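Heads up: the structure comes next, in structure tokens.
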Number of protein chains: 2
Amino acid sequence: MVNSEAKTPRERYRAQVRTEIKERAWEQIATAGASALSLNAIAKQMGMSGPALYRYFGGRDELITELVRDAYRSLADTFHAAAQAGSGVTGLAQALRGWALQDPHRYFLIYGTPVPGYQAPDDTTAISSEIMATLLDACAALPSDGPSTPFDAHLEGHRDWAGGHPAPPAVLHRALTFWTRLHGVLSLELAGHFTGMGIDPAQLFAAELDDLAGPPRG
Amino acid sequence: MVNSEAKTPRERYRAQVRTEIKERAWEQIATAGASALSLNAIAKQMGMSGPALYRYFGGRDELITELVRDAYRSLADTFHAAAQAGSGVTGLAQALRGWALQDPHRYFLIYGTPVPGYQAPDDTTAISSEIMATLLDACAALPSDGPSTPFDAHLEGHRDWAGGHPAPPAVLHRALTFWTRLHGVLSLELAGHFTGMGIDPAQLFAAELDDLAGPPRG
DNA sequence: CACCATAGTTAGAGGTTATCACTGAAGTTA
DNA sequence: TAACTTCAGTGATAACCTCTAACTATGGTG
């Protein structure tokens with residue numbers, strides 16, 4: 001018998017209830033944000049009473065941690081798929097934006113305001129570097145490169161985060177700015193800071209992407 | 001008698017208590033984040049009992065709104081001071097970073113994950129455009145300019161947010177990217193996404209700033 | 001001094017997370 | 001089949017939270 005999946009019926013049931021709880025949690029997060037996530041409400045919605053959920057999750061924080069993990073996993077999968085589609089960094093960027101717009105609260109759960117005491121568990125940083133790896137691959141495939149900047153020199157000495165990826169500093173730099181710039185536009189868009197301004201976030205995003213994927217800056 | 005300030009002793013007292021409440025609220029936000037702000041705790045800390053605070057603020061939301069307003073005001077003042085110091089966009093950028101690092105939660109209160117039901121009152125958007133105006137002034141003083149991009153054309157038709165500032169689209173574009181790019185680096189830094197990576201956020205920020213203030217991109 | 005607007009109080013409704021002791025049912029073993 | 005063990009779900013309870021309502025007491029003002 002295979003150890004990994006579907007062992008005892010009890011475990012099957014347990015896993016099913018766990019995923020249903022998470023589904024309800026996602027619904028709740030999608031409508032009201034992570035701060036409004038209520039174990040009580042989820043329990044009531046599932047027809048059972050409050051403390052029952054503590055059989056499945058140690059508490060609110062543990063549930064949120066699990067959701068963060070799932071969100072990271074989802075983004076990593078999206079990135080992998082986009083990378084395999086082979087449309088380079090622009091494909092990755094569009095995949096990122098699509099993923100973010102599909103559920104803004106999920107994006108904020110990862111990249112938004114950090115919750116007070118919470119800190120990401122180790123495996124999320126593993127998934128995070130997985131994401132970074134596919135981004136680095138895409139950036140390495142771009143035509144390189146402009147003059148070396150002082151920051152490139154700094155990166156030469158601090159490339160641990162790249163997980164041993166054999167890319168020149170300029171590529172690391174590009175991946176980093178890809179991340180920060182697109183996050184800059186995206187997070188402001190999702191937070192609604194452009195709504196009152198009348199400008200089109202998609203075009204601003206595209207402009208940043210053009211500047212990123214196009215010219216090796218000089 | 002002057003209408004504007006220090007009228008009756010009661011109003012003086014009232015204003016004093018209001019500011020003390022806000023001070024405590026800021027302390028609380030600085031340590032535990034905005035989501036953990038508790039009127040009850042503030043009241044207890046001030047030696048009075050819960051509901052007393054409702055004489056001074058309509059509720060939690062109204063207090064937070066006030067804090068958001070103050071945060072905007074503080075940032076606008078910081079920007080004005082930096083602009084008057086006359087060190088251009090780099091001065092503005094450094095002022096922004098210093099202001100953000102001085103109290104990260106205050107930054108997130110403005111530019112972080114939007115709180116569920118809350119939406120900014122009108123006057124905060126007024127302050128926001130005040131900030132944008134000084135940024136536009138600084139950007140207009142930069143040497144211009146590269147080739148016109150498609151997004152510049154879009155901005156030509158959507159420049160309402162600039163509040164009638166007489167700047168060419170390229171300058172509007174630059175101000176916008178100044179905002180989004182620096183916010184990208186800054187928000188990720190404040191959220192701690194660089195801590196495990198070993199890179200220096202200050203240098204990444206500086207690199208983005210160089211790219212922004214230096215070459216009219218091509 | 002008398003009056004009254006208002007600051008602050010307690011009580012309470014309704015919400016939350018979380019722990020505890022208990023019940024009852026399901027699965028396991030003799 | 002009968003006995004036993006494990007565990008899901010329960011209600012009660014504690015300790016918080018926001019916010020409303022009614023009441024008291026005090027300070028400023030006619």
Side-chain angles (χ1 to χ4, degrees), chain A residues 1 3 5-25 27-29 31-68 109 115-118, chain B residues 1-3 5-29 31-68 109 115-118:
Chain A
M1 78 178 83
N3 189 9
E5 200 161 328
K7 241 161 79 172
T8 85
R10 267 209 171 135
E11 286 191 357
R12 287 175 53 85
Y13 177 75
R14 185 176 178 79
Q16 178 191 328
V17 173
R18 269 181 73 100
T19 64
E20 179 171 355
I21 292 174
K22 291 204 286 188
E23 279 170 15
R24 306 282 184 168
E27 290 171 16
Q28 211 167 322
I29 280 184
T31 61
S35 59
L37 191 150
S38 158
L39 294 191
N40 237 325
I42 293 175
K44 208 159 296 178
Q45 208 173 358
M46 290 177 64
M48 51 192 189
S49 215
L53 294 202
Y54 287 79
R55 294 271 171 209
Y56 300 94
F57 293 96
R60 217 186 95 110
D61 280 15
E62 194 176 306
L63 174 56
I64 289 186
T65 297
E66 199 91 348
L67 297 177
V68 170
L109 203 58
V115 301
Y118 171 85
Chain B
M1 83 177 80
V2 182
N3 190 6
E5 199 161 328
K7 241 163 73 172
T8 86
R10 269 210 168 133
E11 285 190 357
R12 288 175 52 86
Y13 177 74
R14 185 176 178 78
Q16 178 192 329
V17 174
R18 270 180 72 100
T19 65
E20 179 171 354
I21 292 174
K22 292 204 284 187
E23 280 170 14
R24 306 280 183 169
W26 277 120
E27 290 171 15
Q28 212 167 321
I29 280 183
T31 62
S35 60
L37 190 150
S38 158
L39 293 190
N40 235 326
I42 292 175
K44 209 159 295 179
Q45 208 173 356
M46 289 177 64
M48 50 192 191
S49 216
L53 294 203
Y54 286 79
R55 296 272 171 210
Y56 300 94
F57 293 95
R60 217 186 94 111
D61 280 14
E62 194 177 307
L63 175 56
I64 288 186
T65 296
E66 199 91 347
L67 297 177
V68 169
L109 203 58
V115 300
Y118 172 85

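The structure displayed is predicted, hence computed values, not measured ones. Convention: sequence-line order gives letters A, B, ...; per-chain numbering from 1.
- Using a 4.5 Å heavy-atom cutoff, the side chains of A/Leu63 and A/Leu53 are not in contact.
- Nearest heavy-atom pair, A/Gly50 versus A/Ala43, reported as atom, atom and distance to 0.1 Å: N-CB, 3.7 Å.
- Between A/Ile64 and A/Val115, every side-chain heavy-atom pair lies at or beyond the 4.5 Å cut-off.
- Nucleotides of DNA chain C that come within less than 4.0 Å of any heavy atom of chain A span, from the 5' end to the 3' end, C/dT16 to C/dA26.
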* To do: Could you give me the CA-CA distance, side-chain angles and deciding distance for B/Trp26 and B/Leu109, then say whether side chain to side chain contact (heavy atoms under 4.5 Å, CB included) is met?
  => CA-CA 11 Å; B/Trp26 277 120; B/Leu109 203 58; 3.5 Å; yes
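- Contacts of residues 54-62 of chain A with DNA chain D (heavy atom under 4.0 Å): A/Arg55, A/Tyr56.
- Among the atoms of the strands shown, none is found under 4.0 Å from any heavy atom of B/Ile42.
- Close approach of DNA chain D to chain B, defined as any atom under 4.0 Å from a non-hydrogen atom of the protein, starts and stops at D/dC17 to D/dG27.
- Every pair tested for side chain to side chain donor-acceptor pair (under 3.5 Å) that includes a residue from residues 31-59 of chain B fails, sequence neighbours excluded, so the list is empty.
- Two residues, B/Leu39 and A/Gly50, neighbour DNA chain D, and the one matched to the more 5' nucleotide by heavy-atom proximity is A/Gly50.
- Contact of the A/Glu66 side chain with the A/Ile21 side chain is not registered, since no non-hydrogen atoms from C-beta on lie closer than 4.5 Å.
- In this structure, B/Ala25 and B/Leu37 approach most closely via the heavy-atom pair CB-CD1, 4.0 Å.
- Under the side chain to side chain donor-acceptor pair (under 3.5 Å) criterion, B/Arg60 pairs with no residue at all, not counting sequence neighbours.
- A/Arg10 comes within 4.0 angstrom of a base, heavy atoms only.
- Taking the side chain to side chain donor-acceptor pair (under 3.5 Å) definition, one finds that A/Gln28 meets it with nothing, sequence neighbours left out.
- For B/Lys22 against B/Phe57, the heavy-atom pair with the smallest separation is CG-CZ, 3.8 Å.
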